[in-house]
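Sequence lines set the chain letters: A, B, ... in the order given, protein chains first and strands last, and positions in each chain run from 1. Quick caveat, the model's predicted, so the values are computed rather than measured.
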Amino acid sequence: MASPLSAGFCELVFQSTDTPENVQPVLQVLSVKKINAPAASGTDRYRIILSDGEYFIQSMLATQLNNFVDDGSLAKNAVIKLTSFVTNAVQGRKLVIILGLENQSWTGDKIGNPANLEQSAAANPPAAAAAAPPPPAAAARAGAKAGPPGRTASKPGKDMGPLYPIEGLSPYQNKWTIKARVTQKSEIKHWSNQRGEGKLFSVTLMDETGEIRATGFNEAVDNFYELLQEGKVFFISRARINIAKKQFSNVNNEYEIMFENQSEIEPCDDETVPQVKYNFTPIGELGNLQKDELCDVIGIVKEVHELGSVTSKATQKPFAKRDIQLVDQSGQAVRLTLWGKQAENFEHNDEPVIAFKGVKVGDFGGRSLSMFSSATMMVEPQIGEAYALRGWYDANGRSTNFQSYTNSSATKGDSSVAKPSELKTIGQAKDEQLGMGDKADYFSTEATIAFIKQESFSYPACANPDGCNKKVLDNGDGWLCEKCQKSWPNPIHRYILSLNVMDYAGSFWITAFNEVAEQILGATANELMAFKNGQDVEFNRVIQKATGQTYTFQMMAKQDQYNDQIRVRYQVRKAASPDYAAESAHLAQLINQMST
DNA sequence: CCCCCCCC
């Protein structure tokens with residue numbers, strides 16, 4: 001049987017400096033391997049070995065095509081047609097980056113006995129320079145329709161090196177050009193610290209293969225800040241590529257670009273470079289996201305609040321701040337906070353549609369949103385979601401009574417119960433070092449009481465009915481409160497209860513103060529104190545009844561110093577019965593997401 | 001070489 005594969009394709013790739021054009025080769029998958037370094041977003045990346053029946057060659061799957069792996073159509077022995085791809089050279093090795101493919105419904109085994117082209121080439125180097133056009137035979141066999149390769153980006157008289165896909169950039173290459181759209185541009189930021197001072201800006205660049213952040217310092221600000229316009233496409237070359245510090249950005253790339261004095265940036269008229277892609281979360285579904293997660297949101301700006309200012313607790317610096325309210329078809333409203341210049345310059349009081357990319361989810365008052373430095377906003381974007389939203393708002397939306405996250409607790413049940421998606425295991429709380437920072441961290445965990453400390457579970461507090469609650473001392477003449485300067489015949493005991501709680505994988509000690517401890521034990525500290533002093537049976541009954549109970553705990557983690565040791569203290573702020581129905585629904589939803 | 005993303 002004749003091979004269905006495009007014999008000669010691997011040789012064609014190997015011998016061409018640029019991506020062969022007008023070729024849609026049919027190739028067989030020899031292996032699919034998940035790479036150890038996933039993209040910054042956590043997206044998996046796959047390396048795929050492709051065979052043309054004679055040779056095989058390495059390829060990478062553009063992450064937006066991962067669904068072909070997930071649904072099983074890109075598996076060992078599958079035969080695919082590459083409908084779109086680019087090639088590049090990494091340290092002399094050729095790599096195909098797959099941008100589009102069609103499965104060819106092949107059900108057979110491995111075709112032919114393909115050899116490693118790199119090894120063959122090393123043993124038998126081609127006589128012609130790599131820049132030579134491919135042999136006609138190879139091109140023809142690979143299915144080339146017409147035309148020379150030739151995709152070197154150049155302007156008159158200046159060679160800028162081969163055109164690279166963003167996904168193919170790495171610190172090991174220095175001669176490259178990308179053609180990319182600026183999807184985000186920061187303000188110019190000035191800094192000053194012990195290492196010096198200066199100014200900088202950054203942009204997010206995007207092409208059909210991926211995105212990358214680029215930063216320019218000092219002179220590069222003067223040279224390029226005005227030139228690089230948000231939304232425009234540019235040729236960019238002769239810049240440095242560094243390892244990205246991913247903790248500071250949500251841009252999906254291992255690397256980032258640093259503009260230098262000799263960097264070349266040229267505007268480009270080609271509008272085929274893709275626009276920003278959004279993955280909108282409806283406002284009504286923000287509750288399904290974790291606090292601090294980044295998301296895309298589109299909404300009608302229903303309210304614009306006054307410009308305000310806050311002083312950062314961390315830096316003591318003032319920040320301009322403005323809240324706006326967004327609504328959408330879900331009937332839900334959410335507050336979004338703008339900062340700095342974006343807050344000062346926001347003047348859209350005519351209920352526009354705005355699309356936000358990369359805004360941070362907060363949990364203040366249920367759910368809130370905050371602009372992140374790398375977040376972008378597009379007023380009246382020319383996209384389907386915006387037209388739909390506008391149509392709905394003009395027809396019905398304007399007269400809708402929107403549910404607000406901030407006062408949703410009265411209508412949406414007990415807000416003290418954490419949403420299933422927000423729960424952390426005890427192990428996660430420790431792994432994430434919650435409470436180890438300067439500020440307290442808040443989280444919710446579902447855990448079972450394993451042990452209740454029975455010594456010193458309470459302290460004698462001031463009996464003043466105004467709720468002084470300060471510790472009092474028995475001076476033989478009554479219990480003296482130093483704050484109230486009053487003596488009481490008896491104190492009121494208040495709990496400081498230590499509980500050891502555990503979930504399936506871990507445990508920790510937590511502290512419950514009076515109200516929560518009363519709820520957990522079903523007795524006041526005064527009652528328990530009385531039991532302890534007389535009827536041990538009752539005391540044990542209270543303790544045993546509470547032990548083994550499972551709660552959703554709202555926790556605060558905060559570090560303090562104790563005997564010169566820094567330690568994290570976990571305090572229970574609220575305890576509630578777990579909402580097993582909601583948790584099951586959440587799990588079912590996660591399962592559905594996996595299988596679609 | 002920044003890297004803070006804040007407040008209530």
Shortest side-chain distance from A:Phe217, nucleotide among B:dC5, B:dC7, B:dC2: B:dC2
A:Thr215 side chain, from C-beta outward: closest of B:dC6, B:dC2, B:dC8: B:dC2
A:Met377 CE - B:dC5 P separation (whole Å): 21 Å
Expected output: side-chain A:Thr204 to main-chain A:Arg213 donor-acceptor under 3.5 Å: no
A:Leu338 CG to B:dC6 P, straight-line distance once rounded to whole Å: 13 Å
Within residues 190-198 of chain A, residues whose heavy atoms come under 4.0 Å of DNA chain B: A:Trp191, A:Asn193, A:Arg195
Touch class at under 4.0 angstrom, heavy-atom based, for A:Lys360 against every strand present: sugar-phosphate
Shortest side-chain distance from A:Leu200, nucleotide among B:dC2, B:dC8, B:dC5: B:dC2
Rounded distance in Å - CG (A:Leu336) to C1' (B:dC5): 13 Å
Nucleotide of B:dC2, B:dC5, B:dC6 approaching A:Phe319 most closely (side-chain heavy atoms): B:dC6
Residues which pass side chain to side chain contact (heavy atoms under 4.5 Å, CB included) with A:Asn464, listed by chain and number, not counting sequence neighbours: A:Cys462, A:Asp466, A:Cys468, A:Cys484, A:Trp488
Donor-acceptor under 3.5 Å (A:Asn218 side chain, A:Gly198 main chain): no
Per A:Phe364 side chain, nearest of listed nucleotides B:dC6, B:dC8, B:dC2: B:dC8
Atom-pair distance (CZ on A:Phe201; C1' on B:dC4), nearest Å: 19 Å
Sequence neighbours excluded, every pair satisfying side chain to side chain donor-acceptor pair (under 3.5 Å) that has a member inside residues 352-364 of chain A: A:Asp296-A:Lys357
Sugar-phosphate only, base, or nothing, as touched by A:Arg322 at under 4.0 Å among non-hydrogen atoms: nothing
Sugar-phosphate, base or nothing in reach of A:Thr337, heavy atoms under 4.0 Å: base
Distance in angstrom units between A:Leu307 CG and B:dC6 P, rounded: 18 Å
Distance test, side-chain N/O of A:Lys321 to OP1/OP2 of B:dC5, below 4.0 Å: no
Gap between atoms CZ and P, on A:Arg335 and B:dC7 respectively (whole Å): 11 Å
Heavy-atom closest pair, residues A:Asp270 and A:Val233: O-CG2, 3.6 Å
Minimum-distance nucleotide to A:Lys245 side chain [options: B:dC1, B:dC5, B:dC8]: B:dC1
Euclidean distance, atom NZ of residue A:Lys341 to atom P of B:dC6 [Å, nearest integer]: 19 Å
Interatomic distance, A:Gln342 CD vs B:dC4 P [rounded to whole Å]: 19 Å
A:Lys302 NZ: over 12 foreign heavy atoms closer than 6.0 Å: yes
A:Arg47, CZ atom: more than 12 neighbouring heavy atoms under 6.0 Å: no
Heavy-atom neighbours of A:Lys277 NZ exceed 12 at 6.0 Å: yes
